[in-house]
Number of protein chains: 2
Amino acid sequence: MDEVDLTDRAEVQGDFETGLNADDQLELRVWLRLLTCANLIERNVRQNLRETFDTTLPRFDLMAQLDRAPDGLTMGALSRRMMVTNGNVTGLIDRLVTEGLVERRPAPGDRRAQVVRLTRAGKRAFDGMTPAHADWINEMFKGLGRQDMTALLRLLAKLKQSLAEREGQEK
Amino acid sequence: MDEVDLTDRAEVQGDFETGLNADDQLELRVWLRLLTCANLIERNVRQNLRETFDTTLPRFDLMAQLDRAPDGLTMGALSRRMMVTNGNVTGLIDRLVTEGLVERRPAPGDRRAQVVRLTRAGKRAFDGMTPAHADWINEMFKGLGRQDMTALLRLLAKLKQSLAEREGQEK
DNA sequence: CCTGGATATTTTAAACTTAAAATATCTTTC
DNA sequence: GAAAGATATTTTAAGTTTAAAATATCCAGG
């Protein structure tokens, strides 16, 4: 039997980089590896949030933003911070309001805007999740030393800067 | 007037890190910065794909995987490489098949499996997008030197390793 | 004041994504 | 060789996400 083996045994647990050549452009390799790491972390957090607290990552991210802004945020500020569209935030907030975790009220002085903030229950729920969340993240970064992390933080800052510059240009 | 300024002028263009304290755990800061970078890049590529080729990022990612596997991939292999669920791939492939960019055929020797590969038209379409895609990525990494990128690549490899280890454990 | 452009949000339609259940097939074991 | 468990995929329902259009309000200039 010399048929092609479609199960591709070399790829037991592939990712975006699988099949990429070492002589491909460095930039692409960095980007794909970055994406792989982000996906692995996201997947882990998502699963933990579901199993431990029966909630979702977008809900958690949104609540984390509100937790850091005790005076509340407008819908627009929220969507900028979460880097998602306005419409997306509208839907998420709708659901969180229904669940009683978030409250929406008209912004003083601007009848177009809404200010959103955590309710008492929302704050309580979020505080209950924070420690476990921190543990998960810490656990995932266990393989990196303090030096590694500061180096990584610095390089990512530089990349972020490089990315932010070309955001303004747009068109 | 000494009211609270809800527009928060310091946060013209916030991101996940906005509002984070410098004394927060290092791991969390690295993770959020990583996420911010990934989001900025994704957003840029997504917009470029739409404006330039009228397509989407998931479609492009899927075609990129198939392009690297000339003999095709099973649905399962594809979902592992893209790090998304099986059902997700089913839907994406359905659409790409309809558009004539991808073909699906029974896997030889296993009647449960499907082998998917780019059609002639799909290969042509993908090849037409590759150079522009590379340019976009290169442009975004312009602020990083070769040294920075290799350092970043190394650190991310270490992180990826750290993350992969705890994947196996899972229960 | 009032008109035109800017800003804040919601709505809409379509696509994407997930987790879980359902199918179908393979593989092993007795 | 039939039952039990493992694998490969699809289906389902709900949620998330996007881009674009629609609303509503603000603000600046005449």
Side-chain angles (χ1 to χ4, degrees), chain A residues 6-9 11-13 38-39 42-51 54-62 72-99 104-116 170, chain B residues 6-9 12-13 38-39 42-52 54-62 72-99 104-116 170:
Chain A
L6 290 164
T7 57
D8 192 3
R9 48 177 93 70
E11 165 255 330
V12 178
Q13 193 76 304
N39 282 337
E42 272 206 8
R43 182 200 291 183
N44 185 298
V45 174
R46 191 189 308 279
Q47 179 180 351
N48 280 320
L49 281 175
R50 179 173 39 77
E51 292 177 353
D54 191 32
T55 189
T56 66
L57 188 51
R59 279 168 163 84
F60 180 85
D61 285 343
L62 196 156
L73 291 172
T74 62
M75 298 296 283
L78 204 43
S79 92
R80 277 191 296 282
R81 291 196 185 193
M82 297 185 68
M83 299 195 286
V84 298
T85 60
N86 281 339
N88 190 354
V89 172
T90 297
L92 281 169
I93 291 292
D94 284 348
R95 264 161 263 148
L96 287 171
V97 167
T98 301
E99 295 171 23
R104 217 180 200 155
R105 57 177 65 169
D110 188 341
R111 277 178 301 173
R112 295 168 304 176
Q114 305 271 343
V115 174
V116 176
E170 300 290 323
Chain B
L6 291 164
T7 56
D8 193 2
R9 49 178 92 70
V12 178
Q13 193 76 304
N39 281 337
E42 270 206 9
R43 180 201 291 185
N44 184 298
V45 173
R46 192 189 308 279
Q47 178 180 352
N48 280 319
L49 280 175
R50 179 172 38 77
E51 292 177 353
T52 313
D54 190 32
T55 190
T56 67
L57 188 51
R59 280 169 164 86
F60 180 84
D61 284 343
L62 195 156
L73 291 172
T74 61
M75 298 296 282
L78 205 42
S79 94
R80 276 192 297 282
R81 291 194 184 194
M82 297 185 69
M83 299 195 286
V84 298
T85 59
N86 282 340
N88 189 355
V89 172
T90 296
L92 281 170
I93 290 292
D94 284 348
R95 267 160 270 162
L96 287 170
V97 167
T98 301
E99 297 172 21
R104 217 179 200 155
R105 57 176 66 168
D110 189 341
R111 276 178 304 172
R112 294 169 304 179
Q114 305 273 343
V115 174
V116 175
E170 301 288 323

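Lettering follows sequence order; numbering is per chain, from 1.
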*Roughly how far, to the nearest 0.5 Å, is CE of Met82(B) from CG of Leu62(B)?*
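Here the rounded value is 4.5 Å.
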Rounded off to whole Å, could you give me the [atom1]-to-[atom2] distance for the [X] and [N] pair?
X	N	atom1	atom2	value
Glu51(B)	dA19(D)	CD	P	9 Å
Leu78(A)	dT7(C)	CG	C1'	17 Å
Asn48(B)	dA19(D)	CG	C1'	15 Å
Asp61(B)	dA15(C)	CG	C1'	15 Å
Leu92(B)	dA15(C)	CG	C1'	9 Å
Leu62(B)	dA15(C)	CG	C1'	14 Å
Asp54(A)	dT18(C)	CG	C1'	14 Å
Arg59(A)	dG15(D)	CZ	P	7 Å

*Where each residue is assigned the nucleotide of DNA chain C containing its nearest heavy atom, which of Met75(A) and Arg46(A) is assigned the position nearer the 5′ end?*
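It is Met75(A) whose nearest nucleotide is closer to the 5' end.
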Enumerate, atom names and distances included, each donor-acceptor pair closer than 3.5 Å involving a side-chain atom of residues 83-93 of chain A, sequence neighbours excluded.
residue  : atom : partner  : partner atom : Å
Thr85(A) : OG1  : Asn88(A) : N            : 3.3
Asn86(A) : OD1  : Ser79(A) : OG           : 2.9
Thr90(A) : OG1  : Asn86(A) : O            : 3.2

*Could you check Val89(B) against Met82(A) and say which one's nearest nucleotide on DNA chain D is further toward the 5' end?*
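Per heavy-atom nearest nucleotide, the more 5' residue is Val89(B).
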Under 4.0 angstrom between [X] side-chain N/O and [N] OP1 or OP2:
X	N	answer
Arg43(A)	dT17(C)	no
Arg104(B)	dT10(D)	yes
Arg50(B)	dT18(D)	no
Asn88(A)	dT18(D)	yes

_Let's see if you can work this out: which of dT9(C), dA19(D), dG15(D) has an atom nearest to the side-chain heavy atoms of Gln114(A)?_
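Ranking dT9(C), dA19(D), dG15(D) by closest atom to the Gln114(A) side chain puts dT9(C) first.
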*Nucleotide of dA20(C), dT9(C), dA19(D) approaching Thr74(A) most closely (side-chain heavy atoms)*: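 Of the candidates, dT9(C) comes closest.
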*For Arg46(B), check side-chain contact (heavy atoms from CB on, under 4.5 Å) against everything at least two apart and list the hits.*
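Arg46(B) satisfies side-chain contact (heavy atoms from CB on, under 4.5 Å) with Glu42(B), Leu57(B) only.
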*Residues two or more places apart in sequence or in another chain: which of them pass side-chain contact (heavy atoms from CB on, under 4.5 Å) with Thr55(A)?*
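For Thr55(A), the residues satisfying side-chain contact (heavy atoms from CB on, under 4.5 Å) (neighbours in sequence not counted) are Leu49(A), Phe53(A), Arg59(A), Met129(A).
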*Return the set of residues passing side chain to side chain donor-acceptor pair (under 3.5 Å) with Arg104(A) (not counting sequence neighbours), or none when no residue passes.*
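Here the qualifying residues are Asp94(A).
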Under 3.5 Å, sequence neighbours excluded: what are the donor-acceptor pairs made by side chains of residues 107-115 of chain B?
residue   : atom : partner   : partner atom : Å
Asp110(B) : OD1  : Arg112(B) : N            : 3.0
Asp110(B) : OD1  : Arg112(B) : NE           : 3.1
Asp110(B) : OD2  : Arg112(B) : NH2          : 2.9

*Give one of base, sugar-phosphate or nothing for Ser79(B), where a contact means two heavy atoms less than 4.0 Å apart.*
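No contact.
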*asked:* How close do Leu73(A) and Ala77(A) get, counting heavy atoms only, and between which atoms?
replied: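 It is CD2-CB, 4.2 Å.
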*Going 5' to 3' along nucleotides 23-29 of chain C, which nucleotides have protein heavy atoms under 4.0 Å from the base (write B), which only from the sugar-phosphate (write S), and which from neither (write -)?*
-BBS---
